[in-house]
Amino acid sequence: MTAVEISGLRAHVGETVTVRGWVVTTRSSGKVAFVVVRDGSGTVQGVLSRKEVPAPIWAAFESLTQETSVGITGTVREEPRSPGGYELGLQDIEVLGASPEYPITPKEHGTTFLFEHRHLWLRSRRQAAVARVRHEVVQAIRDFFYQRDFILVDTPILTGAIGEEAGNLFATEYFDLGNAYLAQTGQLYVEAAAAAHGKVYCFGPTFRAEKSKTRRHLTEFWMVEPEVAFSDSDANMRLQQEFVTYIVGRALDRRQEELKELERDTTSLQRVQAPFPRISYSDAVSRLSVLGSDITWGKDLGGDDETLLAKEFDRPVLVYNYPRQVKAFYMKENPDDPRTVLNNDCLAPEGYGEIIGGSQREDSYDKLLARIEEQGLDPEIYRWYLDLRRYGTFVHSGFGLGVERTIAWICGIPHIREAIAFPRQIHRLYP
């Protein structure tokens with residue numbers, strides 16, 4: 001018998017086929033029975049008439065429970081009322097894997113319970129919808145850079161160089177060479193690659209040992225980091241808005257069903273069009289003070305500040321030129337105001353906060369060395385990074401986009417932990 005995916009049933013109307021998948025629901029009048037099966041590509045209803053099948057087939061139906069894996073065989077027919085518009089008139093049911101007392105039932109479950117059973121919760125319609133949006137976002141990211149001739153560079157996960165704050169590192173012993181660290185960023189390495197290829201990006205997991213319990217933080221998350229030679233801070237912000245607009249557009253274009261399943265109001269997403277508003281850090285502080293924030297100049301924007309500021313705009317906003325004292329050592333000093341650096345954050349609306357952090361990089365050897373020493377870092381560890389300024393230094397810039405934060409925003413889900421299959425948080429390492 002021909003085995004087909006549910007998504008391909010339209011090509012087999014009138015034919016007898018087999019579908020393999022997992023039971024979603026069953027119901028029966030005693031004479032006619034219905035079983036809904038999903039296989040990852042879609043959902044289909046099978047209809048079984050008791051008088052038209054042998055007793056063992058009816059008994060197989062009666063044994064079915066939620067998430068039993070089955071092979072159902074029947075004739076494909078159009079049925080607008082059924083999921084996907086087709087159904088199977090069943091002649092056979094084969095139980096492939098029983099599922100007694102499946103723990104996640106249609107009743108309400110607490111968050112702790114669901115994350116303890118994350119390996120099973122992934123099968124739910126809502127979580128499957130989030131995963132498909134994530135898949136689209138990841139593919140859009142790769143397509144965006146491929147279409148623009150960026151070169152993918154795979155940067156190391158184990159590194160001896162600190163890219164962000166030293167207190168946020170996961171350390172491990174590395175043979176006889178001392179400590180190695182799980183990478184906080186691939187940025188330093190793509191800077192080197194940009195001198196070889198001009199336009200590059202890395203895309204992979206990054207790690208931050210922040211003891212944060214907010215809805216915006218994970219200890220392991222995915223980040224995409226482009227780096228562009230001969231690109232300044234202004235060009236960097238233009239690339240960011242083009243990038244975010246492209247990603248959101250792809251999700252709206254190709255994942256409408258999933259967003260509908262998530263009950264996402266896409267009105268705000270449809271407004272994500274260039275140009276994005278820009279506001280300097282100094283002006284942002286002034287505006288926040290009027291809006292009731294207690295922030296003072298020189299402090300980094302907190303989550304509440306980002307939410308309050310973003311409410312003033314109808315699309316993502318770019319906040320630029322933060323104080324150098326709250327930003328990383330590699331950011332370019334602002335020649336017009338040495339108190340600040342040529343950087344920016346991109347804040348998503350609706351309370352989702354920073355999804356991008358980017359900057360023009362310091363291209364002066366002497367200034368970069370001074371910043372490394374100022375932050376108490378060992379220049380010897382950064383000798384190779386300083387070499388990039390010694391041998392053919394060049395203006396360049398880049399940014400990092402947090403994939404989970406972006407997905408959470410697009411999906412409209414309240415917590416970042418649902419935006420990745422198996423979230424890692426300070427209190428969760430299982431499953």
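Everything quoted here is computed from the prediction, not taken from an experiment.
Judged by distance alone, the side chain of Q256 and the main-chain N or O of L252 form a donor-acceptor pair under 3.5 Å. A donor-acceptor distance shorter than 3.5 angstrom exists from the side chain of T219 to the backbone of R424, with no hydrogens or angles considered. The closest donor-acceptor contact from the side chain of E404 to the backbone of I416 lies at 3.5 Å or more, if one exists at all. Here the side chain of R315 pairs a donor or acceptor atom with the backbone of Q273 at under 3.5 angstrom. Panel note: side chain E225, backbone G186; a donor-acceptor pair is recorded below 3.5 Å. No donor-acceptor pair under 3.5 Å is formed between the side chain of K199 and the backbone N or O of D149. Between the side chain of R324 and the backbone N or O of E333, no donor-acceptor pair lies under 3.5 Å. Side-chain atoms of E362 come within 3.5 Å of backbone N or O of S364 as a donor-acceptor pair. Remark: the backbone N or O of S212 is not paired with any side-chain donor or acceptor of Q425 at under 3.5 angstrom.
Between the side chains of S397 and S231, at least one donor N or O sits under 3.5 Å from an acceptor N or O. Remark: the S359 side chain and the R361 side chain contain an N/O donor-acceptor pair separated by less than 3.5 Å. Side chains of Y189 and T159: a donor-acceptor N/O pair is present below 3.5 angstrom, by distance only. No hydrogens or angles considered: nothing links the side chains of H396 and Q360 as a donor-acceptor pair under 3.5 Å. Side-chain atoms of N321 and T340 form no donor-acceptor pair, as typed in the model, at a separation below 3.5 Å. Between the side chains of D345 and Y322, at least one donor N or O sits under 3.5 Å from an acceptor N or O. Residues T65 and S99 bring no donor and acceptor atom of their side chains to less than 3.5 Å of each other.
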CA sep, side-chain torsions, deciding dist, call: R118, Q127, side chain to side chain donor-acceptor pair (under 3.5 Å)
CA-CA 10 Å; R118 183 65 170 162; Q127 298 308 308; 2.8 Å; yes

Derivation and outcome, side-chain contact (heavy atoms from CB on, under 4.5 Å), residues V37 and V70:
CA-CA 8 Å; V37 172; V70 295; 4.0 Å; yes

Test D300 against K327 for salt bridge (charged side-chain N to carboxylate O under 4.0 Å, His left out), laying out the working first.
CA-CA 8 Å; D300 205 354; K327 291 300 176 183; 3.8 Å; yes

With side-chain contact (heavy atoms from CB on, under 4.5 Å) as the test, would you mind laying out the steps for Y382 and L188 before giving the verdict?
CA-CA 10 Å; Y382 295 92; L188 306 187; 4.0 Å; yes

Test log, rule side chain to side chain donor-acceptor pair (under 3.5 Å), inputs W297 and S282
CA-CA 7 Å; W297 201 98; S282 296; 2.8 Å; yes

Please report the C-alpha distance between K332 and D363 in whole Å, then the side-chain angles of each, then the deciding distance to 0.1 Å, and finally whether the salt bridge (charged side-chain N to carboxylate O under 4.0 Å, His left out) criterion is met.
CA-CA 7 Å; K332 176 73 174 177; D363 53 277; 3.2 Å; yes

Walk me through it: do D143 and R250 pass the test salt bridge (charged side-chain N to carboxylate O under 4.0 Å, His left out)?
CA-CA 10 Å; D143 290 346; R250 273 281 291 266; 3.0 Å; yes

Go through it in stages, so that I can follow the logic: the residues are R383 and D387, the test is salt bridge (charged side-chain N to carboxylate O under 4.0 Å, His left out), and I'd like the CA-CA distance, side-chain angles, deciding distance and then a yes or no.
CA-CA 6 Å; R383 179 163 45 87; D387 275 352; 5.4 Å; no

Should Y330 and Q187 be marked as a side chain to side chain donor-acceptor pair (under 3.5 Å) after you check the CA-CA gap, both sets of side-chain angles, and the distance that decides it?
CA-CA 10 Å; Y330 51 74; Q187 177 210 309; 3.1 Å; yes

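Under a cut-off of 6.0 angstrom, the local environment of CZ in F170 is crowded, with over 12 non-hydrogen atoms contributed by other residues, nucleotides or ligands. Within 6.0 Å of CZ in R10 there are 12 or fewer heavy atoms belonging to other residues, nucleotides or ligands. Y174 OH: 12 or fewer foreign heavy atoms inside a 6.0 Å radius.
Using a 30° and 60° split on the angle between ring planes, F399 and F243 fall in the tilted class, from 30° to 60°. The aromatic rings of Y201 and F203 are tilted relative to each other, their planes meeting at an angle between 30° and 60°.
Scored by the salt bridge (charged side-chain N to carboxylate O under 4.0 Å, His left out) test, E116 finds R428 as partners (sequence neighbours excluded).
The minimum heavy-atom distance between I355 and A348, with the atom names listed, is CG2-CB, 4.0 Å.
Within the structure, the salt bridge (Lys or Arg N to Asp or Glu O under 4.0 Å) test picks out the following pairs touching residues 411-422 (sequence neighbours left out): R126-E418. Contacts classified as salt bridge (Lys or Arg N to Asp or Glu O under 4.0 Å) and involving residues 348-357 (residues at least two apart or in different chains) are given here: R264-E350.
In this structure, L301 and Y281 have side chains that are in contact, with non-hydrogen atoms separated by less than 4.5 Å. You'll find the side chain of T73 stays beyond 4.5 Å of the side chain of V17, heavy atoms only. Annotation: side chain of F34 is not in contact with side chain of T26 (no heavy-atom distance under 4.5 Å).
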